[in-house]
Amino acid sequence: MAEPVCLSRLRWIAETPIRTAVRCVQTAAIMVIVASPVDAGYAQMLPELTLPPQRLVRPPGMPTPTYPLVKPGLPLPGPDSGQPPLPPPVEHLAPVIVRVQQSKTHPNGMTILVDSVNFLPSSIVIAVEIFNPGIDRRRLNPLGSLVLTDDRGRSYPFLPPPDNPDMQIPPRSRVIGQLVFLGGVDWQARALRLSINHPLGSSSDRMTATPLFQFRLPAEPRT
């Protein structure tokens, strides 16, 4: 008895699975090729789509950096942050002369008289009278040993004469001159110290060529 056509067809498909797969692939390809012109025409009828611009999104864990207003390592501004002291309430721009009249005599016979102190805006000038009765030359500023300081620790550089930087005093001579120191006096100072031949000189040697002198002078031109 002959098999029905459907059963014969099913048996043939079951016995040849590879042939069936190839036939399915060919059928799908034919369907794609046939459908391609229709899809292209349909795409031409669709309106043009414009995608919205994409925004850059910062990935998590990366916060926006912030910059300090003060550079690292610098203290924050505020009071008592190394600012210079306030200026005096009243400044005397005009020269002020203070009479001193101090005289000292060294064991070697040299005498120095400090007559006055002239306070200028940019310098301090001390008027002196020096007497050397000895037979030898004396020196008052070897190696820059003539200095002026105040009671607050500030030094005022001495400006020696260009032709006599060591301040040599000839024997048996009397010299009248001025000692010039650079810088205006500190408005908070209350006293000045004039040191001659310090610390090189001697205060007791009768034969020394570098006699040591020290004077305490006023530093208050406002009074």
Side-chain angles (χ1 to χ4, degrees), residues 84-223:
L86 296 176
V90 179
E91 288 193 30
H92 295 271
L93 299 180
V96 178
I97 298 178
V98 178
R99 295 291 177 180
V100 179
Q101 294 292 315
Q102 290 187 25
S103 178
K104 292 187 177 183
T105 300
H106 192 270
N108 67 357
M110 174 173 276
T111 300
I112 296 180
L113 168 66
V114 177
D115 180 66
S116 62
V117 181
N118 188 2
F119 295 94
L120 302 174
S122 59
S123 62
I124 302 173
V125 181
I126 301 177
V128 296
E129 182 176 345
I130 305 170
F131 176 58
N132 179 19
I135 59 174
D136 297 323
R137 187 179 298 267
R138 314 295 188 189
R139 296 182 300 165
L140 303 181
N141 187 42
L143 301 178
S145 57
L146 197 158
V147 296
L148 180 68
T149 58
D150 60 27
D151 56 347
R152 297 184 60 82
R154 179 180 175 183
S155 299
Y156 303 87
F158 175 55
L159 187 62
D163 56 346
N164 189 14
D166 287 346
M167 289 287 295
Q168 298 187 25
I169 308 300
R172 296 186 177 92
S173 63
R174 180 173 173 264
V175 178
I176 298 176
Q178 295 178 333
L179 307 178
V180 180
F181 300 88
L182 300 179
V185 66
D186 190 335
W187 70 277
Q188 294 179 323
R190 293 295 177 265
L192 297 174
R193 172 174 290 184
L194 175 63
S195 299
I196 300 175
N197 284 327
H198 177 75
L200 302 176
S202 172
S203 59
S204 57
D205 186 2
R206 294 177 178 268
M207 304 299 296
T208 182
T210 56
L212 176 63
F213 289 91
Q214 288 187 333
F215 294 89
R216 182 178 176 84
L217 309 175
E220 299 183 272
R222 299 160 296 278
T223 58

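When a residue number appears, it is its place in the shown sequence, counting from 1.
- At distances below 3.5 Å, not a single donor-acceptor pair connects side-chain atoms of His106 with backbone N or O atoms of Ile112.
- Of all heavy-atom pairs between Pro171 and Gly134, the closest is CB-O, 3.2 Å.
- Among residues two or more places apart in sequence or in another chain, the side-chain contact (heavy atoms from CB on, under 4.5 Å) test is passed with Thr105 by Thr111.
- Listed for the Asn141 side chain is a donor-acceptor partner under 3.5 Å among the backbone atoms of Pro165.
- With Asp151 contributing its side chain and Arg190 its backbone, the two residues share a donor-acceptor pair below 3.5 Å.
- The shortest side-chain heavy-atom distance between Leu192 and Leu194 does not fall under the 4.5 Å cut-off.
- The minimum heavy-atom distance linking Pro95 with Asn118 is given by the pair CB-OD1, 3.7 Å.
- Across Ala191 and Ala219, no two heavy atoms sit closer than the pair N-CB, 3.5 Å.
- Shortest non-hydrogen contact noted between Ser203 and Leu212 is N-CB, 3.9 Å.
- Atom CD1 of residue Ile124 and atom CG of residue Asp150 lie 8.0 Å apart, to the nearest 0.5 angstrom.
- If you take CG on Leu146 and CD1 on Ile126, they are separated by 8.5 Å, rounding to the nearest 0.5 Å.
- Each ring pair (Phe, Tyr, Trp, His ring centres under 6.0 Å) pair with one or both residues in residues 155-177, not counting sequence neighbours, appears once here: Phe158-Phe181.
- Looking only at side-chain heavy atoms (C-beta outward), Asn132 and Pro170 stay at 4.5 Å or farther from each other.
- Looking at Ser145, its side chain does come within 3.5 Å of a backbone N or O of Pro142 through a donor-acceptor pair.
- In the displayed structure, Arg154 atom CZ is contacted under 6.0 Å by more than 12 heavy atoms of other residues, nucleotides or ligands.
- Here the straight-line distance linking atom NE2 of His198 with atom CD of Gln214 works out to 5.5 Å at 0.5 Å rounding.
- No donor-acceptor pair closer than 3.5 Å links the side chain of Gln102 to the backbone N or O of Leu217.
- Contacts classified as side-chain hydrogen bond (donor to acceptor under 3.5 Å, both in side chains) and involving residues 163-175 (residues at least two apart or in different chains) are given here: Glu129-Arg174.
- In this view, Val147 and Ser195 satisfy the side-chain contact (heavy atoms from CB on, under 4.5 Å) rule, not counting sequence neighbours.
- Between Asn108 and Met207, the closest side-chain pair of non-hydrogen atoms is not below 4.5 Å.
- Here the CG-OG1 distance, from Leu200 to Thr210, works out to 7.0 Å after rounding to the nearest 0.5 Å.
- Considering only heavy atoms from C-beta on, Asn197 comes within 4.5 Å of Leu140 through its side chain.
- Scored by the side-chain contact (heavy atoms from CB on, under 4.5 Å) test, Arg99 finds Asp115, Ser116 as partners (sequence neighbours excluded).
- Side-chain atoms of Leu148 and Leu179, non-hydrogen and from C-beta on, never get closer than 4.5 Å to each other.
- Here Ser155 pairs with Thr149 under the side-chain contact (heavy atoms from CB on, under 4.5 Å) rule; sequence neighbours left out.
- Counting all heavy atoms, side chain and backbone alike, Lys104 lies closest to Phe215 at CG-CE2, 3.6 Å.
- With Arg138 contributing its side chain and Thr208 its backbone, the two residues share a donor-acceptor pair below 3.5 Å.
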